[in-house]
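As the structure is a prediction and not an experimental result, all values here were calculated from the model.
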Amino acid sequence: PFKGTDVVLTTLETTRFLEKDGLIINVIKFEDLVVGDLVSSRGKLVDGIWKAWRITVNPLLLHP
């Protein structure tokens with residue numbers, strides 16, 4: 001239901017950060033994220049706060 005909308009994501013100590021580069025998925029750090037990055041996230045909405053388990057940058061990128 002949040003597709004295409006701006007959402008505030010709350011990260012946890014266990015949140016995994018990934019970046020898609022063509023067909024390759026690289027592990028990245030929180031510090032590698034940039035405001036405005038296109039991301040997808042897996043997590044859970046708890047009391048109106050999205051708690052992210054995984055954040056992937058460039059989720060739709062199929063080819064470099």
Self-check item: Least distance between heavy atoms, Arg54 atom then Ser40 atom
Solution: NH1-OG, 3.3 Å
Quiz item: Applying the 4.5 Å side-chain criterion to the ILVMFWY set and letting contacts propagate, would Leu38 and Val34 be lumped into a single cluster?
Solution: no
Quiz item: To which residues is Leu18 joined in a hydrophobic cluster, defined by side-chain heavy-atom contacts under 4.5 Å among Ile, Leu, Val, Met, Phe, Trp and Tyr, whether direct or through other members?
Solution: Ile25, Val27
Quiz item: In the hydrophobic cluster built from side-chain contacts under 4.5 Å, what are the other members alongside Ile24?
Solution: none
Quiz item: Say you draw a straight line from CG of Leu9 to CD1 of Ile55; how long is it, rounded to the nearest 0.5 Å?
Solution: 4.5 Å
Self-check item: NZ-CG distance between Lys20 and Leu60, expressed to the nearest 0.5 angstrom
Solution: 7.5 Å
Exercise. State plainly whether one hydrophobic cluster holds both Val8 and Ile49, where clusters connect Ile, Leu, Val, Met, Phe, Trp and Tyr through side-chain heavy atoms under 4.5 angstrom apart.
Key: no
Exercise. Applying side-chain contact (heavy atoms from CB on, under 4.5 Å) between Val57 and each of Asp21, Asn26, Asp37, report the one that passes.
Key: Asp37
Self-check item: Inter- and intrachain pairs under side-chain hydrogen bond (donor to acceptor under 3.5 Å, both in side chains), touching residues 44-53, at least two apart
Solution: Ser41-Trp50
Quiz item: Can you find a pair of side-chain heavy atoms, one from Thr10 and one from Thr15, that are under 4.5 Å apart?
Solution: no
Quiz item: Would you say the side chain of Phe17 lies within less than 4.5 Å of the side chain of Asp32, judging by non-hydrogen atoms?
Solution: no
